[in-house]
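Presented below is the structure to which this report refers.
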Amino acid sequence: MYDVKDECYYHINTGQELNLGAILEIGHKYNKFYNEIYNSEHLETNKDANSILLEMVRAKTLSFQNQQVASIVLKTVSDSAMITRELMFEETRKEINENLPSRLKCLYVCKTESELKTWCAIFKRANKNKYQILKLKLTGKIFLGDASLILRQNISLNKKKEQAYKYWHGDKKDNINEYLFIGTAKVVKIINNI
């Protein structure tokens, strides 16, 4: 972790659209990422993924009634794996150094245009189609982690814990830089809205 003062970084904003000059205080409350994964409900058909899968087992069929039901099950499974991962990473962060920025309260930023392009491609693959690219001036603290240590979700809890230790110790795997920022951020340029 290191300190920054009036340094420029990029941010891919998927939340409420921000205006030039907006000032954000980061690190005191949960971020949009936390709110999305911890508060999402998958009850569009008044059934959750568990009840849908149990019905399929009882009926001895493994086919979904329609695309909406399949989407609910896939999103629930994916979100559950992500929540498990984030809880493991948060627990490990506190064990190693509770002063490191929490993934659940930080602002995710990129240092270079090349890193920004990498993250835009990741967002596109994840079907995040609506976002705003901002240039920010940051004053606060930054932790640099390798996001490739978090991307695989279908692994055991022991492997997740091992990855979390590597992540928080700054180990590198595939060098997908992920900067976690806490402090004050000011929007100095709106690059574009996608």
Side-chain angles (χ1 to χ4, degrees), residues 1-5 7-15 24-40 49 74-128 131 133-136 138-185:
M1 182 169 63
Y2 54 95
D3 293 329
V4 292
K5 182 169 175 52
E7 288 190 33
C8 288
Y9 282 75
Y10 300 98
H11 172 62
I12 303 171
N13 177 31
T14 60
L24 308 168
E25 293 297 329
I26 308 297
H28 305 293
K29 61 182 182 177
Y30 291 109
N31 57 26
K32 184 178 184 299
F33 172 68
Y34 167 88
N35 286 318
E36 279 182 2
I37 65 172
Y38 283 78
N39 295 306
S40 55
L74 291 172
K75 182 152 178 41
T76 303
V77 169
S78 176
D79 285 357
S80 295
M82 191 181 308
I83 290 166
T84 301
R85 177 194 75 204
E86 292 304 328
L87 288 173
M88 180 67 70
F89 272 68
E90 185 67 3
E91 175 186 301
T92 305
R93 178 190 70 83
K94 289 176 181 176
E95 288 173 14
I96 292 172
N97 181 351
E98 65 182 20
N99 294 319
L100 292 172
S102 168
R103 293 176 50 78
L104 307 177
K105 292 184 177 180
C106 72
L107 185 70
Y108 292 88
V109 295
C110 306
K111 180 67 176 162
T112 67
E113 289 183 16
S114 174
E115 291 168 345
L116 180 62
K117 286 179 185 175
T118 297
W119 280 103
C120 285
I122 290 170
F123 275 47
K124 190 173 185 174
R125 286 194 306 267
N127 291 321
K128 290 187 183 262
Y131 53 87
I133 299 174
L134 306 169
K135 188 173 188 177
L136 306 173
L138 305 180
T139 298
K141 298 189 177 302
I142 286 189
F143 172 81
L144 171 59
D146 185 348
S148 63
L149 290 167
I150 66 159
L151 295 178
R152 220 172 131 231
Q153 296 185 49
N154 57 345
I155 58 175
S156 70
L157 288 177
N158 282 331
K159 287 280 189 196
K160 279 182 176 51
K161 185 78 165 178
E162 184 181 306
Q163 285 180 328
Y165 271 102
K166 288 179 179 180
Y167 179 88
W168 291 115
H169 280 105
D171 291 0
K172 296 291 182 184
K173 183 181 172 209
D174 295 330
N175 290 319
I176 302 175
N177 287 340
E178 176 175 71
Y179 300 83
L180 284 56
F181 170 76
I182 54 173
T184 302

**Message:** Taking K117 first and then E113, would you say they form a salt bridge - that is, a charged N and a carboxylate O separated by under 4.0 Å?
**Reply:** no
**Request:** May I ask you to test the L24-T184 pair for a side-chain heavy-atom distance under 4.5 Å?
**Result:** no
**Message:** Test of understanding: with salt bridge (Lys or Arg N to Asp or Glu O under 4.0 Å), list the residues that count as partners of K141, not counting sequence neighbours.
**Reply:** D3
**Request:** Taking D174 for its side chain and S148 for its backbone only, find out whether a donor-acceptor pair lies under 3.5 Å.
**Result:** no
**Item:** Separation of I182 CD1 from M1 CE (nearest 0.5 Å)
**Value:** 6.5 Å
**Message:** In terms of relative ring orientation, are H169 and Y165 parallel, tilted or perpendicular, with 30° and 60° separating the classes?
**Reply:** parallel
**Message:** Counting C-beta onward and ignoring hydrogens, is there a side-chain heavy-atom pair between L136 and L107 closer than 4.5 Å?
**Reply:** yes
**Prompt:** Who are the ring pair (Phe, Tyr, Trp, His ring centres under 6.0 Å) partners of Y30, not counting sequence neighbours?
**Reply:** Y34
**Test item: K172 and L149 side chains (from C-beta on) under 4.5 Å apart, heavy atoms** = no
**Request:** Tell me, with the steps shown, if L100 and L180 meet side-chain contact (heavy atoms from CB on, under 4.5 Å).
**Result:** CA-CA 9 Å; L100 292 172; L180 284 56; over 6 Å; no
**Nearest-0.5 Å distance that lies between atom CG in D171 and atom CD in E162** = 10.0 Å
**Message:** Taking the side chain as everything from C-beta on, heavy atoms only, tell me whether C120 gets closer than 4.5 Å to I133.
**Reply:** yes
**Message:** With a 4.5 Å cut-off on side-chain heavy atoms, are R85 and R103 touching?
**Reply:** yes
**Message:** Please determine whether the number of non-hydrogen atoms from other residues, nucleotides or ligands lying under 6.0 Å from atom NZ of K135 exceeds 12.
**Reply:** no
**N/O donor-acceptor pair under 3.5 Å between W168 side chain and F89 backbone** = yes
**Request:** Mark yes when over 12 heavy atoms from residues, nucleotides or ligands other than K94 sit less than 6.0 Å from its NZ; otherwise mark no.
**Result:** no
**Prompt:** Under the salt bridge (Lys or Arg N to Asp or Glu O under 4.0 Å) test, which residues partner E7, sequence neighbours left out?
**Reply:** K111
**Item:** Residue pair T84 / L157, side-chain heavy-atom distance below 4.5 Å
**Value:** yes
**Prompt:** Y10 versus T112: any side-chain heavy-atom pair under 4.5 Å?
**Reply:** no
**Request:** Identify whether the distance between the nearest side-chain nitrogen and carboxylate oxygen of K160 and E86 falls below 4.0 Å.
**Result:** no
**Prompt:** Could you give the distance from OG1 (T14) to OH (Y108), rounded to the nearest 0.5 Å?
**Reply:** 11.0 Å
**Asked** What pairs with F181 under ring pair (Phe, Tyr, Trp, His ring centres under 6.0 Å), at least two apart in sequence or on another chain?
**Response** none
**Prompt:** Within a strict 4.5 Å, meaning less than it, do heavy atoms of the T118 and N177 side chains meet?
**Reply:** no
**Request:** Please identify each residue that fulfils salt bridge (Lys or Arg N to Asp or Glu O under 4.0 Å) with E115, with sequence neighbours left out.
**Result:** none
**Message:** Run the salt bridge (Lys or Arg N to Asp or Glu O under 4.0 Å) test against R93 and tell me which residues pass, sequence neighbours left out.
**Reply:** E90
**Message:** So that I know where these two stand, are F143 and Y179 an aromatic pair - ring centroids less than 6.0 Å apart?
**Reply:** no
**Prompt:** Is a side-chain N or O of D146 found less than 3.5 angstrom from the main chain of N175, in a donor-acceptor match?
**Reply:** yes
